[in-house]
There are 2 protein chains.
Amino acid sequence: MKPTIEDVAQLAGVSRATASRVINNVPGASGPSRERVHAAVAELGYEPNETARALATGRQRAIDVIVVTTDPGTGWLGTHPYVSRVLAGVMPVLQGVNAQLRLHAVRREAAADELDDIASSTTLGAIFADITPDLAAHFYRRCRRTVSMVRTDSSVPGLEADNVGGAYDAVDRLHQLGHRRIAAIHGPALNPCAIDRRAGYLRATQRLGLPDLSAHGGFRREGGHDAAQQLLEQHPDIDAFFVACDLMAAGAVQAITASGRRVPDDVSIIGFDDSIAAVCSNPPLTTMRLPVEEMAATAARLLLAGGPVRSHRQQFPVELVVRESTRDVGAGSADGSR
Amino acid sequence: MKPTIEDVAQLAGVSRATASRVINNVPGASGPSRERVHAAVAELGYEPNETARALATGRQRAIDVIVVTTDPGTGWLGTHPYVSRVLAGVMPVLQGVNAQLRLHAVRREAAADELDDIASSTTLGAIFADITPDLAAHFYRRCRRTVSMVRTDSSVPGLEADNVGGAYDAVDRLHQLGHRRIAAIHGPALNPCAIDRRAGYLRATQRLGLPDLSAHGGFRREGGHDAAQQLLEQHPDIDAFFVACDLMAAGAVQAITASGRRVPDDVSIIGFDDSIAAVCSNPPLTTMRLPVEEMAATAARLLLAGGPVRSHRQQFPVELVVRESTRDVGAGSADGSR
DNA sequence: TTGAAAGCGCTAACAG
DNA sequence: CTGTTAGCGCTTTCAA
């Protein structure tokens, strides 16, 4: 049916070996041969069989994107914009380089086994979209072509966003705008990103002499809603929120509005991520942009380059994106007021 | 390194063929042999090499999820919740059945070629998350293990949501709530889903004797925002919106709010999809639920079952989810008012 | 520079 | 029921 390399070789009047050499563009075949093979390839419309190639080389041209789902099922995947963004970041760099993207949603309970399976199916490498440090280290021990997009054990190559700095900046900005009762809604207690953003908030409040008004959400809209509601009841004088993810922030806005307060007139709010949720909220959220697509694209390029990722570490900046959920209440300059 | 089937066979004292039979659970090996092989597998921790298996059988245990990106780049992917939902639907049915999920974002410009590549890498089958009828038919001609999640040429097996009915019901509901100036924001003119939802709106307005107040968005938040703004300027007396997707609806809510109107007090709005965008909006959106996860899971199961999908067609209902963006302005019963 | 030949690990006829 | 024997399509030593 489909032409094989044998067909190409025959048509070109060379051996399979030579055909293979020119097709893979490796030295050891030359001038006339190359031309003839190329001609044959074109004439036959030959496409190498990737499976056979993978069997022979022991390596599949695919990148594994791994997300460990802590929730039961994979509900997380369908609702949180984060995963889409890493896919959107990886996808374009795979265009035209003949590589595929495999997605793995690994259940927390069976994570070790499932990760072993993935590690043993040698590919171009794996990108951890979300994972715990222990699992990342576990995987890395079996497969060195790995890049994590969240903070992990220092042994694992990683691209990290400046979560601490971003959170600090958010609070600092809120402070500059004149807010003094700045509450925070943090993410899951064990999530590395959540931990870092919380650390940033804490550092900022301490340095600025602000009270610590914290609650936990869980990186879900409902969590943000409930936490905001509760904080507002306990501390009715809150005048601003720092929320560790836009999804939660969207929920928080709803709770704030429902409490009879207006955003940003009565309370300002800064989210984190700059995901689609930020822009779907009403008003659109001022937020700290996590460059997920850029990070994912970088990770993919790293793996594509081949070779074990020599303990690569890179930090990505987290920057403020001003929209309409913040307002200057002090004497200073205007900022995204409506 | 890793044990092969040969190792298993040797340890079990049988031939490779027999080992293969019991491992693949096919008849033609029996009693004692089976036990010995199973024991050997367990002792060695043997895992079949999927690549070798794929080469031998000519079929990879993977499901291809294909989305044709009409936009330049793959920006769509990162912002629209739809793709996440189909992934979230497919993923769980692949758990424990030793199958992988490959994601393909095919650029419209090079679609035919890229689709040919995918079709020729024989897998368990392909799911069209989003595609145009012509491309679907093109692909189907080369690979019959295919299911589309959007309306296509009638030759291609498909799972379709009742977009027409859903849109009709949305308008009808708005009408029941007492609204008489019901505007619509439609999706891309060439998108099958958008076309159907538009048809449903048109049918409803005609049957109910309502004016046609339509604008087009593009299934993006910005599109919804701009269209709503424009409609409101042209027809200041609009009292309700039917918006063909939640993302656009979120944008519309922002525009409505910005125009000084309140949702739902001054204008009601019903979205479409029931995606994360509906619930991130403020107020949360009443919407027509598209059962994307269920559809995707069904598609995956169909492909997993093997064999060419014999012109399977199935329609999924689209149902109203009441939240807080609609309000009864007539004498009737209450509905999601705040 | 080239070709012959030996696999990669597994499945599937076919013959016993 | 079982083992032998060919491949699947490609890469890659190893000689020539």
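Proteins get letters first, then strands, A, B, ... in listed order; numbering begins at 1 in each.
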Which nucleotide wins on minimum distance to the side chain of A/T57, given the candidates D/dG9, C/dG3, D/dT12?
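Nearest to the side-chain atoms of A/T57, counting from C-beta on, is D/dT12.
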Out of C/dT11, D/dG3, D/dT11, which has the shortest distance to the side chain of A/S20?
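Closest of the options to the side chain of A/S20: D/dT11.
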Write down the distance between [atom1] ([X]) and [atom2] ([N]), rounded to a whole number of angstrom.
X     : N      : atom1 : atom2 : value
B/Q60 : C/dT11 : CD    : P     : 15 Å
A/E50 : C/dC8  : CD    : P     : 20 Å
B/E47 : C/dG9  : CD    : P     : 15 Å
B/Q10 : C/dC10 : CD    : C1'   : 15 Å
A/E35 : C/dT1  : CD    : C1'   : 15 Å
B/K2  : C/dG9  : NZ    : P     : 10 Å
A/L55 : C/dC10 : CG    : P     : 9 Å
B/R61 : C/dC10 : CZ    : P     : 16 Å

Nearest nucleotide by nearest heavy atom, which residue falls closer to the 5' end of DNA chain C, A/R34 or B/T51?
A/R34
First of A/G31 and B/V26 reached from the 5' end of DNA chain C, by closest nucleotide
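Residue closer to the 5' terminus by nearest nucleotide: A/G31.
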Taking for each residue the nucleotide of DNA chain D bearing the nearest heavy atom, is the 5' side occupied by B/A29 or by B/A56?
B/A29
If each of B/A52 and B/S15 is mapped to the nucleotide of DNA chain D with the nearest heavy atom, which maps nearer the 5' terminus, i.e. the 5' end?
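The answer here is B/S15.
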So does [X] get a side-chain nitrogen or oxygen closer than 4.0 Å to the phosphate oxygens (OP1/OP2) of [N]?
X     : N      : answer
A/N49 : D/dC8  : no
B/R53 : C/dT11 : yes
B/T18 : D/dC1  : no

Verify whether the ring centers belonging to B/F139 and B/F128 lie closer than 6.0 Å.
yes
Angle by which the axis turns from one end of the helix from C/dT1-D/dA16 to C/dG16-D/dC1 to the other, five pairs per end, to 10 degrees:
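Rounded to the nearest 10 degrees, the bend comes out at 40°.
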Any donor-acceptor pair under 3.5 Å linking the side-chain atoms of A/S121 with those of A/D117?
no
Between A/S84 and B/S84, do the side chains contain a donor N or O and an acceptor N or O under 3.5 Å apart?
yes
Would you mind classifying the nucleic acid contact of [X] as base, sugar-phosphate or nothing, using non-hydrogen atoms under 4.0 angstrom?
X     : value
A/P48 : sugar-phosphate
A/G28 : base
A/T4  : sugar-phosphate

Show me the protein contacts with nucleotides 13-16 of chain C, counting only N or O atoms at under 3.5 Å.
from	atom 1	to	atom 2	distance (Å)
C/dA13	N6	B/R21	NH2	3.4

Could you walk me through whether B/Q100 and A/D64 pass the side chain to side chain donor-acceptor pair (under 3.5 Å) check?
CA-CA 10 Å; B/Q100 317 227 288; A/D64 295 295; 5.7 Å; no
Test side-chain contact (heavy atoms from CB on, under 4.5 Å) applied to B/R61 and B/L94, step by step
CA-CA 10 Å; B/R61 286 198 60 82; B/L94 264 38; over 6 Å; no
